[in-house]
Every structure is written in structure tokens, then in C-alpha cells.
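No experiment lies behind these values; they were computed from the predicted model shown. In each ligand, atom 1 is the first atom listed, and ligand 1 is the first ligand listed.
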Amino acid sequence: MPDHVPPLSIASARTLFPGAEKGPYFDTAARGLLYSGARTAIDAILDAQEDGTLDKKRAFDTIESTRSLFAALIRCHADEVAYTRNITDGIAAFAASLPWKPGDAVVVCDTLEHPANLFPWYGLRDRFGVTVRTVAQQDGMIPLDRLIGAIDERTRAVSVSTVSFAPGFRFPVADLGRHCRARGVLLAVDAAQSIGIVDTDVEAWQVDALSASGQKGLMSLYGIGFLYVRRAVAEGLAPVYVSRFGVDVGDGHEAESGDLAAYRLAPGARRFDVGNYNYTAAAAAGASIRLLLDLGPRQVEEHVMALAHRFAVRMTEIGLPVFGGVSNAHASHIVTVGKALGSAHDSTGDADMAGLYDHLTANGVRLGVRRDLLRFSFHIYNNDADIDRVVDLCQAWMRR
Ligand SMILES: Cc1ncc(COP(=O)(O)O)c(C=O)c1O
């Protein structure tokens, strides 16, 4: 055994993703490539279930270790993390637990938010008379000043995505967080697009709730999510579902904890846990998060953003319209190409862009289309060769 194992570099991490060699993969904004270490963790659980040897105690240990890894990734305490099924589930669980009074308001940018961060609030409007106050987008950006301007004395919460699904601009969460905290307004964030890519510090950002899911930047599975709720906020909330894993039963089984009717909610966000977990997906997410922590979240962000920027510059040089331009202060790891932001969710009415999309996909490039724009999204498994290949294909298509 060598006595020194060199730290894993981001460049060499590509070899841990079999899918990266199957053509340029630029669709992390839809779903990431599955990490081989996550696949191994999944297989171990499936093998144990197939063989009848699944050890529930070890499965619970996996739940706690992944919870702690996620907490490390976003820089909070493990007690501030609950398991969910997806982004919607996390936002809805938080939103529905707040003590709403008719006329209370939440502020959102309806024209840029994903439906996952809208329907839970509209549902509260219809059930409890909550006002959903909307602000319009501005040049593809969720405007900070409009969100702040929409806050009044009835506003209980603002909900915003850290990076929009299209055109993929990054929102200045910490600026809004400072403002909301000073005014006693809760800030919830949909971190679907940023988790695992943007270095996240929930305390520095001053967010009260953050919803994340497994299949994109966490390079694991659909059907698992995480909900961060700041301890001081969580402990004043009553979850809609009170469940056996959301109550404080000490070390034993919840059924043996005395008078179940006199339950006490679990500390922090743990009260939002509901029944049995998706052990397989938690094992997968844990493996991926460990990889991200080993590589360093700050280094991951810098690497991925630099790649996306180089790509945006190259696309501009060959004459393709990068939405927002290359000197966009809100640029992220998502680069969109097209003339204008449209309204169709996952198609484009622009014949040129549709033609380019067909050409790229016919040549093995995996990318997305959102709101009339071609969407290229980056992660640690991308490299400059991927960029070169796509630029070459675009040039060939433009010469056609
Ligand atoms: C910003 C954003 N929020 C939420 C989602 C998905 O939400 P859910 O996991 O609830 O389906 C996506 C994409 O899938 C997204 O891009």
C-alpha cells in the first residue's frame, strides 16, 4: 500500500462517471449522471434485499450518515435536515406547517419559478386564504428589488429558486436573506438547480428553509430530497404529518415509548421526517455527497462555473446567441442559447434552435430545451473536450 494517496482531482473524477464517455453530457439541469460510487451503494442495498440480508440497523445508520453529509454540504447541523421525496415535497412540507392566517402573504416570481415552487403556495391560498403576491421577471432575472418591494407587514415568507431552471441565472440569495431576516420574514429557497454545484452556506445566506433533491447536482436518484429548516424556525412549527420518525422517542422503538398520545416532536427539522425512508436512494446520495465533499464544494463550484463560462465565450465567438451574454453577473453553470425567453416549458418555437437541437442530439449530445432556449448545464464530469465537440458540431450545423 502506498503511504500517501494523492487527493482526487476534479479532472480525474470524470472517470468515475461511465456516462461521461458516451457523448457530451450537458443535461445535469434535468438529471445528473449517476456516480459509479452511488451505483455501488445502490447495488449493495438491492443485493441485501434480494438475498434477504438487509440489516435495518445498518440502513438507519446510512440514513444518519447521509443526513450528516448533506448537513456538511450546506453547512448546518444534522438536526436541521429532514428527508423528503423531491423539491415540491420539501417546499410544501415547510409551507403547510406555517401558522397561516387569512390575508397573510408569500412573495414569489411566478414567471420564472418552477411549478414545484408555485403550486404549494397556490394550494395554501385556496385552503387558508393566503395571498400569493407575484413579481414579474426582468430580462430573465428574478429581480431582488421587486421581491423586496413586494414585502409588507402581512408578508410571512418569500420563496425563490437559487438558480432558475431557465435561463439559469443565479439569484443573490444572501442579499435577500439579509433583508428578510431584518424584517422578520421567512426565506425559503428551491435549491433544485444549485445543490451539489453551487457552494452552499445556509447560515451565510440567512435562509430559513432550503429544499433539494437527489437527481441533478447530487448525481443520484429521483424520489429523494432533503429539507433544511433552521432550528430556531423548525422548533416553532408543527408538521402536517406527525410520524413515528418525526417524534422524539429516545433510543428505543417508537412503539415502546410509553404514552404515544403524549408525543413530543423531534428536535429541529427531524420532525418533518415521515415513516420509512428510501434507504437505497439515501445510500446513493450519501456516496455522491461524500465525493463532492472530498473534492471540495468551493473547488467544485469554481471548476464548473469556469467550464460554463468558457463554453459561453466559445458559443458567442462562433456567433450563437448566449442568453444574457458572457459578462452576465448572474451567470451560473447553466448556459442557455437562443434569442428570447419563451413560455413553452420544454420546447422551442424557434426553428433555428429546434434545428440545432436536433443536430446536436443526433450526434450524441445530451442537452435540454426550456422556455425556447437550448439549455447546456455543467457538472464535475464535463471537460474541455466536451465543449470542443459541441462547438465543432454547432459550427458544422451553421455551415450547412
Ligand atoms: C428550479 C426547479 N425546481 C424544482 C424542480 C423539480 O421539482 P420536483 O423535484 O418537485 O419535481 C426542478 C426540475 O426538475 C427545477 O428546475
Taking a 3.5 Å cut-off between nitrogen or oxygen atoms, can you list every pair linking ligand 1 to the protein, with distances?
residue: ligand 1; atom: 3 (N); partner: D190; partner atom: OD1; Å: 3.3
residue: ligand 1; atom: 3 (N); partner: D190; partner atom: OD2; Å: 2.6
residue: ligand 1; atom: 9 (O); partner: I87; partner atom: N; Å: 3.2
residue: ligand 1; atom: 10 (O); partner: I87; partner atom: N; Å: 3.4
residue: ligand 1; atom: 10 (O); partner: T88; partner atom: N; Å: 2.8
residue: ligand 1; atom: 10 (O); partner: T88; partner atom: OG1; Å: 2.4
residue: ligand 1; atom: 14 (O); partner: K216; partner atom: NZ; Å: 2.7
residue: ligand 1; atom: 16 (O); partner: Q193; partner atom: NE2; Å: 2.8

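Hydrophobic cluster membership of V130, counting Ile, Leu, Val, Met, Phe, Trp and Tyr whose side-chain heavy atoms lie under 4.5 Å apart directly or via other members: I87, I91, F94, L98, W100, V106, V108, L118, F119, W121, Y122, L124, F128, V132, L186, L227, V229, V233, L237, F272.
The pair R290-D294 does not meet the salt-bridge criterion, since no charged nitrogen lies less than 4.0 angstrom from a carboxylate oxygen. By the 4.0 Å N-to-carboxylate-O rule, R75 lies close enough to D199 to be salt-bridged with it.
A centroid separation of 6.0 Å or more is found between the aromatic rings of F17 and Y25.
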List the steps and the verdict of ring pair (Phe, Tyr, Trp, His ring centres under 6.0 Å) for Y83 and F245. CA-CA 10 Å; Y83 277 90; F245 297 146; over 10 Å; no
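Side-chain contact annotation: S164 with S161, donor-acceptor N/O pair under 3.5 Å absent.
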